[in-house]
Amino acid sequence: MLQACDVTYTINGSTLVAGVDVEVKPGRVVALIGPNGAGKSTLLRILAGELRPTRGGVMLDTRDLKSFSAAELSRQRAVVPQASVLTFPFTVLEVAMLGVSVPGFDAAPAQAKTSALDALDAVGLRDLAGRLYVHLSGGERQRVHIARALSQLAAPPYHRDKTRCFLLDEPTSSLDLAHQSLVLAAIRRQARSGTAIVAVFHDLNLAAALADELVLLESGRVMATGPASEVLRDDLLSAAYGCRVLTNRTPGEGKPFVLPPAIFPASTASGLSEDRKVGMQRLWH
């Protein structure tokens with residue numbers, strides 16, 4: 001299990017994450033949602049071990065994350081950041097194989113290639129394995145890095161007593177509908193195999209469709225946590241996003257979904273903080 005306990009992160013006098021508790025069990029998908037600047041990406045980097053919290057800690061299988069070496073972490077968790085910069089003339093396959101060439105994996109070349117090709121197939125890029133990465137579109141590059149992480153998760157031997165973690169920051173932001181479906185299916189397969197998943201989403205509907213649990217952040221704090229039916233509520237979303245949000249329900253199952261809201265006068269946005277109302281008034285006028 002991956003667990004953040006009273007995590008706070010402060011830099012240059014600004015608190016980006018404040019007293020956050022998050023628990024991600026094996027086989028579960030947790031989506032971090034909230035407005036720009038809410039602390040989602042910072043929290044994800046803390047959960048990944050890239051940032052050390054100012055207060056509190058992150059535990060992976062009852063062990064403090066800061067006690068893991070880089071090689072140990074690479075065998076238990078893979079990360080897809082919001083943006084990756086790679087300017088070397090690597091092929092798509094070579095980039096995907098970077099996930100298998102982590103020191104300590106000791107994968108044979110044939111095994112590494114097979115693992116990387118399987119990962120590329122999962123995101124619909126096997127036919128582009130020989131193309132140069134720098135010639136790809138933004139969405140294709142995003143899928144290559146997801147494939148790299150998938151091959152990393154598949155490389156080390158599986159240990160039942162060690163939780164594998166997959167952390168993704170906006171994994172579908174540059175993808176069309178078909179490739180969103182491919183990537184979400186790949187993430188769900190990882191969850192079914194026992195991997196703990198944490199993903200940042202701006203698209204509330206994709207978050208609701210994929211995740212077992214949503215964590216709504218605002219100004220670095222957790223406003224709500226739970227299934228989509230409990231978190232995607234008019235009052236919570238309006239308060240978090242600073243605009244009047246009206247949650248809809250799908251026919252039949254009645255699952256919540258949210259369409260981009262129109263901008264309403266601040267006087268109609270009941271329940272919002274004064275600073276949010278001021279911000280809305282500026283937009284309205």
Between [Y] and [X], is there a side-chain heavy-atom distance shorter than 4.5 Å?
{"X": "V258", "Y": "N248", "result": "no"}
{"X": "Y133", "Y": "T91", "result": "no"}
{"X": "K255", "Y": "S229", "result": "no"}
{"X": "L216", "Y": "L232", "result": "no"}
{"X": "V134", "Y": "F88", "result": "no"}
{"X": "T250", "Y": "F257", "result": "yes"}
{"X": "L132", "Y": "F90", "result": "no"}
{"X": "P171", "Y": "I146", "result": "yes"}

Under 3.5 Å donor-acceptor, [X] side chain and [Y] backbone:
{"X": "R143", "Y": "V123", "answer": "yes"}
{"X": "R77", "Y": "A48", "answer": "yes"}
{"X": "D121", "Y": "R126", "answer": "no"}
{"X": "D21", "Y": "D6", "answer": "yes"}
{"X": "E170", "Y": "H202", "answer": "yes"}
{"X": "K40", "Y": "P35", "answer": "yes"}
{"X": "D169", "Y": "S41", "answer": "no"}
{"X": "S238", "Y": "V245", "answer": "yes"}
{"X": "Q152", "Y": "S74", "answer": "yes"}
{"X": "T8", "Y": "R55", "answer": "no"}

What's the shortest heavy-atom distance between [X] and [Y], and which atoms?
{"X": "M97", "Y": "A112", "result": "CE-CB, 4.0 Å"}
{"X": "T172", "Y": "F201", "result": "OG1-CE2, 3.7 Å"}
{"X": "H145", "Y": "V80", "result": "O-CG2, 3.8 Å"}
{"X": "P89", "Y": "E94", "result": "O-OE1, 4.3 Å"}
{"X": "L236", "Y": "A224", "result": "CD1-CB, 3.7 Å"}
{"X": "V100", "Y": "A155", "result": "CG1-CB, 3.8 Å"}

Could you give the distance from [atom1] ([X]) to [atom2] ([Y]), rounded to the nearest 0.5 Å?
{"X": "R192", "Y": "I187", "atom1": "CZ", "atom2": "CD1", "value": "12.0 Å"}
{"X": "F68", "Y": "R63", "atom1": "CZ", "atom2": "CZ", "value": "4.5 Å"}
{"X": "L204", "Y": "Y241", "atom1": "CG", "atom2": "OH", "value": "4.0 Å"}
{"X": "Q180", "Y": "S174", "atom1": "CD", "atom2": "OG", "value": "10.0 Å"}
{"X": "Q82", "Y": "R45", "atom1": "CD", "atom2": "CZ", "value": "10.5 Å"}
{"X": "E72", "Y": "L60", "atom1": "CD", "atom2": "CG", "value": "10.0 Å"}

Working for side-chain contact (heavy atoms from CB on, under 4.5 Å), residues L43 and L217
CA-CA 10 Å; L43 177 58; L217 294 167; 4.0 Å; yes
Taking atom types as modelled, is there a side-chain donor on [X] or [Y] under 3.5 Å from an acceptor on the other?
{"X": "T10", "Y": "T15", "answer": "yes"}
{"X": "E213", "Y": "T225", "answer": "yes"}
{"X": "S173", "Y": "Q142", "answer": "yes"}
{"X": "R164", "Y": "S193", "answer": "yes"}

Is there a path of hydrophobic side-chain contacts, each under 4.5 Å between heavy atoms, that joins [X] and [Y]?
{"X": "V24", "Y": "L51", "answer": "yes"}
{"X": "L136", "Y": "L93", "answer": "yes"}
{"X": "V17", "Y": "V222", "answer": "yes"}
{"X": "V20", "Y": "L2", "answer": "yes"}
{"X": "V200", "Y": "L184", "answer": "no"}

Do the side chains of D212 and R188 get close enough for a salt bridge, i.e. N-O under 4.0 angstrom?
yes
Is it the case that more than 12 heavy atoms not belonging to N12 sit under 6.0 Å from its CG atom?
no
Assess whether atom CG of D127 is packed by more than 12 heavy atoms of other residues, nucleotides or ligands within 6.0 Å.
no
Residue among V183, I197, V79, L44 satisfying side chain to side chain contact (heavy atoms under 4.5 Å, CB included) with L168:
I197
Take L47 and L167 through the side-chain contact (heavy atoms from CB on, under 4.5 Å) test and state the conclusion after the steps.
CA-CA 8 Å; L47 291 170; L167 300 101; 3.7 Å; yes
Using the side-chain contact (heavy atoms from CB on, under 4.5 Å) rule, take I33 and V215 through it: C-alpha gap first, then chi angles, then the decisive distance, then the call.
CA-CA 6 Å; I33 61 173; V215 177; over 6 Å; no
I would like to know whether E140 and L128 meet side-chain contact (heavy atoms from CB on, under 4.5 Å); could you show each step before the answer?
CA-CA 9 Å; E140 289 168 336; L128 300 185; 3.7 Å; yes
